[in-house]
Amino acid sequence: MKSKLKALLENTIDDCFQQGILSKTPLPNYVIEVPNNPAHGDFATNLPMTLASSQKRSPREIAFVIVDHLKDDGNLIENAEIAGPGFINFRIKAQEWYRALSEIVRLKEIYGRNDTGNHQKMMIEFVSANPTGPLHLGHGRGAALGDTLSRIFSFCGYDVAREFYINDAGQQIKLLGESIFSRFKQMSDPEHPFPQKGYHGDYILDLAKTISEEIDLEAMPEEEAIHVCTQTGKQVMLDEIKQDLLRFRVPFDVWYRESDLYSSGQLKDALKIVKDREQLYEKDGALWIATTKFGDDKDRVLQKQDGQFTYFATDMAYHLDKKSRGFEHVINIWGADHHGYVPRMQAALSAYGFPEGWLSVVLIQLVKLWRAGQEIKMSKRAGSYVTLQELVDEVGVDPVRFIFLTKSNDSALDFDIDLVKKQDSENPVYYVQYAHARICSIFRKAASEGISLPDAPDGLLERLVLDEEMALIKRMASFPSLLIDICSSLEPHRLTYYLTDLAALFHRYFNLGTKTPDYRVLTHDSALSQARLFLVGAVRIVIGNGLELLGISAPEKM
RNA sequence: GCGCCCGUAGCUCAGUUGGAUAGAGCGCCGGGCUUCGAACCCGUAGGCCGCAGGUUCGAGUCCUGCCGGGCGCACCA
């Protein structure tokens, strides 16, 4: 609906340009929005105000011109009013709303899908946790966000690849092997030293036991034994991470190994390219890249004095590889503790001549876990943390995902596990799911009474005249444009609020019928019942589609 | 010291990219089920949108400076 109105408006402006009624200028940034106050119509635009300065005329004057020349061939608009300092408020014809409603039912599970992305190839890289321990809550937040963004982008016509970058080449992974090996040694010698910054979690001991049961670590040289611990530990952890993510309904298309960048020679190629662009230099026996030329606050080391490459070097090579695989836009979802890393990476990509905006980084703020009024500090090394899997077992996938997706990624999230458990039936996710289940129940009732959906709703939908019914239709009609907005703002939490709103409108509507039988969906008037069934059927579709995009189930019964 | 994020109702958080009268959930108080699901609905109370300036037709939203909280400032990953 909004896009129809937008096209109509821009046609009108074009026409005014052609006829010389308005002087021809580039179209400014303006908005078409659903006003907070219903008295201001179905849609409002500030277009006249944004045109005022370039036209050198008053906003209201421009508004009059636009309204006088509206090219409403499709008969979309009931009326257009000029209001306030220069808004135009539009009221849409009821017939258009009914048409929008039948579209929803016609399209069903693809309602809201669109081709905004035009098959643009994009990648979302997320989670990318070191395989040195189980996933914790922070990873879960990133997983939920990345997964839902992927779903929404796909739905909006982008060709999305989901990728997990495995940091399996550095110090951390070596430390994992040493930690496991040390735990193994401690089984016979409790005095055996434990690595200074080793991983203390119980899972390390479990790994030591499992590995030593299958392989005789004692029989091999220490170095080799540690290598075995490293390789096996890494693989086991990675398998566990994959399992946890699948249980959290988060699939990936590609698991990309940092170590492959070394073995494939891509790291060296990447360095050569940046060298050819004359952005490399040597200093103090190390190899540097001049990121300061591109906005970083200091230059960065790629190869250390000891000849080892830095993590930054492989990460650069990795992004070069993303580009060479043909991705036109890449989104990385990172923990906010990496924010200082963003300018560095952007600068490095500029040094390669990547176009600005090729990489978007979404930073997620910290998740803090509270239990019994105490903050539980999470540290893999200290071993005192609650895993994602434990939380999901305790609370359930649906509520956990919903809570993660309800907060803007810019705000730190306090996850009070007692509160979430205590309120489990009050979690907003159940409110939305309940609306879905309730509608399913109405359909069961209708079926038992022999009332079914009409094949063609023509002539029936005019029976929908209540404010509550029109409010539902209007809200549902904004679903597609909401999804498009989410793609540009990268803020999927807006979808959870939208669904809560829509569910509220439905529950209110439903409750009309508890007082007045004439307002029930199923009444003695069979045509009216069919029309209302059609309406709530559409609500079920939109809620179902929305929940699907959030990776949350839409139950028929609860 | 420098950089990023946050500060909105008692609590947890939204706020349609600068719009018209700032919202929701929880909590408090009071109402609503003999036929479509009460995991619901309706109503009351509760706000110097951290503070002070600025930008303009218009600021919770943008800019500057403070205050408070979180997170970063590696030849770690």
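Backbone-only contact: A:Arg508 has heavy atoms under 4.0 Å from sugar-phosphate atoms and none from a base. A:Phe312 comes within 4.0 angstrom of no nucleic acid atom, judged by non-hydrogen atoms across all strands. Within the 4.0 angstrom heavy-atom criterion, base atoms lie near A:Lys557.
Contact check, A:Tyr430 against B:rA39: no side-chain N or O comes under 4.0 Å of OP1 or OP2. Contact annotation: A:Lys2 side-chain N/O to B:rU16 OP1/OP2 distance is not under 4.0 Å. Between A:Lys298 and B:rC75, a side-chain N or O to OP1/OP2 separation shorter than 4.0 Å is present.
With B:rG15, B:rG19, B:rC36 as the choices, the nucleotide that has an atom nearest any side-chain atom of A:His493 turns out to be B:rG15. Considering only side-chain atoms of A:Gln172, the nucleotide from B:rC76, B:rG72, B:rU17 that sits closest is B:rC76. Taking only side-chain atoms of A:His338, from C-beta outward, the nucleotide of B:rU16, B:rG19, B:rA77 with the closest atom is B:rA77. The side chain of A:Arg300 has B:rA74 as its nearest neighbour among B:rG70, B:rA74, B:rU16. Of the candidates B:rG15, B:rC40, B:rC36, B:rC40 carries the atom nearest the A:Tyr434 side chain, counting heavy atoms from C-beta on.
Across the strands present, B:rU12 finds its partner in B:rA24; the criterion is a Watson-Crick or G-U wobble pair with both atom distances under 3.5 angstrom. Across the strands present, B:rC4 finds its partner in B:rG70; the criterion is a Watson-Crick or G-U wobble pair with both atom distances under 3.5 angstrom. Remark: B:rC62 base-pairs with B:rG54; criterion is Watson-Crick or G-U wobble with both hydrogen-bond distances under 3.5 Å.
Across A:Val536 and A:Ile439, no two heavy atoms sit closer than the pair O-CG2, 3.4 Å.
Within residues 400-411 of chain A, the residues having any heavy atom under 4.0 Å from RNA chain B are, by residue number, A:Lys407, A:Ser408, A:Asp410, A:Ser411. For RNA chain B, the residues of residues 36-45 of chain A within the heavy-atom distance limit of 4.0 Å (strictly under) are A:Asn36, A:Asn37, A:His40, A:Ala44, sorted by number.
Residue order along RNA chain B, read from the 5' end via each residue's closest nucleotide, puts A:Ala437 first among A:Trp288 and A:Ala437. In terms of position along RNA chain B, the nucleotide closest to A:Arg438 lies nearer the 5' end than the nucleotide closest to the other residue of the pair A:Gly170 and A:Arg438.
Note: A:Phe164 and A:Phe126 fail the aromatic proximity criterion, with ring centroids not under 6.0 Å apart.
No donor-acceptor contact under 3.5 Å links the side chain of A:Asp168 to the base of B:rA77.
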